[in-house]
Novice: 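Got a structure here, written out as structure tokens. Questions coming.
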Amino acid sequence: MRLRNVPGAAEAVAGHERCFQDEAAKQNKGNWQTQFSNNGPLHVEIGMGKGRFVMDMARLHPEINYIGIERYDSVLVRALQKYDEDPLPNVLFISMNAEEICDVFAEGEVDRIYLNFSDPWPKDRHAKRRLTSTRYLERYDHILAKKGCIEFKTDNQDLFAWSLEQVEPAGWKLIASTTDLHHDAVLNEGNVMTEYEQKFSEMGNPICKMIIER
């Protein structure tokens, strides 16, 4: 994926009071709740893009604390701009690579993980980089609370089918799934769309979703 460079993005990300990087993020491991004004559940979106989903969720659920993770400054800065337009006390951001997730969150610290329209990494040799791989599911296992779950959405049918195949070998179980979310009355109830979700659904692409837990 080629990203458009945004001049000043790195500086804006580094200087934002609600965004953590590198050692600052790692120093909060096990203590993220102290950064919020309430002790609500902690939900994390990995690969949040421009931040529409995490901001909308935080606005709808002020009793829940949200952290949006994004590795690309030129994308993350757009989420920070959304935050500046509508500051919410239950939202934080982290600039990091998802591979370091266990360095930033303690065992059982996260109550829910959202994976929305993750990079499909279509080449077989890159399969381990997919955020729904058994490699990543093992990482999530460390940071999720006992009753925690993962929600995954994508319009990529091949990635979705592959992701379903990873669930059981990784020691997880499938709670619910659909290959046409917007026509599934149960799973679509209360659904909050991402930028990509709106774009792809308007193109006529059905949206897939699965929910898994240990």
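Since the structure is predicted, the reported quantities are computational estimates derived from the model, not experimental observations.
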Novice: Looking only at atom types and distance, does a side-chain atom of Arg18 sit under 3.5 Å from a main-chain N or O of Pro87, one as donor and one as acceptor?
Specialist: no
Novice: Answer yes or no: is there a donor N or O on one side and an acceptor on the other, between the side chain of Gln166 and the main chain of Trp162, under 3.5 Å?
Specialist: yes
Novice: What distance separates Lys209 NZ from Asn116 CG, expressed to the nearest 0.5 Å?
Specialist: 8.5 Å
Novice: Can you tell me how far CD1 of Ile101 sits from CD of Glu99, rounded to the nearest 0.5 angstrom?
Specialist: 11.0 Å
Novice: Does Glu45 offer a backbone N or O that forms a donor-acceptor pair with the side chain of Arg112 under 3.5 Å?
Specialist: no
Novice: Checking the side chain of Ser133 only, and the main-chain atoms of Arg129 only, is there a donor and an acceptor separated by less than 3.5 Å?
Specialist: no
Novice: Is a side-chain N or O of Lys29 found less than 3.5 angstrom from the main chain of Cys102, in a donor-acceptor match?
Specialist: yes
Novice: If we ignore hydrogens and angles and just use 3.5 Å, is the side chain of Trp32 paired with the main-chain N or O of Val104 as donor and acceptor?
Specialist: yes
Novice: What do you reckon, is CD of Gln35 surrounded by more than 12 foreign heavy atoms closer than 6.0 Å?
Specialist: yes
Novice: Just checking, is any N or O donor in the side chain of Asn65 or Gln33 under 3.5 Å from an acceptor N or O on the other one?
Specialist: yes
Novice: When you check the side-chain N and O atoms of Glu202 and Gln198, is any donor under 3.5 Å from an acceptor?
Specialist: yes
Novice: Is Lys147 salt-bridged to Glu213, going by a charged N under 4.0 Å from an acidic O?
Specialist: no
Novice: Taking NE2 in His183 as the centre, count heavy atoms belonging to other residues, nucleotides or ligands within less than 6.0 Å. Is the count above 12?
Specialist: no
Novice: Assess whether a salt bridge exists between Arg130 and Glu165, defined as any Lys/Arg side-chain N lying under 4.0 Å from an Asp/Glu carboxylate O.
Specialist: no
Novice: Is atom CD of Glu168 surrounded by more than 12 heavy atoms (other residues, nucleotides or ligands) closer than 6.0 Å?
Specialist: no
Novice: With a 3.5 Å distance limit and no angle check, can you tell me whether Glu109 reaches the backbone of Asn31 through a side-chain donor-acceptor pair?
Specialist: yes
Novice: Check step by step if side-chain contact (heavy atoms from CB on, under 4.5 Å) holds for Tyr140 and Val44.
Specialist: CA-CA 11 Å; Tyr140 307 147; Val44 174; over 6 Å; no
Novice: What distance separates Asp155 CG from Met203 CE, expressed to the nearest 0.5 Å?
Specialist: 8.0 Å
Novice: So, the side chain of Asn90 versus the backbone of Ile64: is there a donor-acceptor pair under 3.5 Å, distance only?
Specialist: yes
Novice: So, Glu107 side chain and His142 main chain: donor-acceptor pair closer than 3.5 Å or not?
Specialist: no
Novice: If you look at every heavy atom in Thr178 and Asp180, which pair is closest and at what distance?
Specialist: OG1-N, 3.1 Å
Novice: Count the heavy atoms of every other residue, nucleotide or ligand shown that sit under 6.0 Å from NZ of Lys50, and state whether that count exceeds 12.
Specialist: no
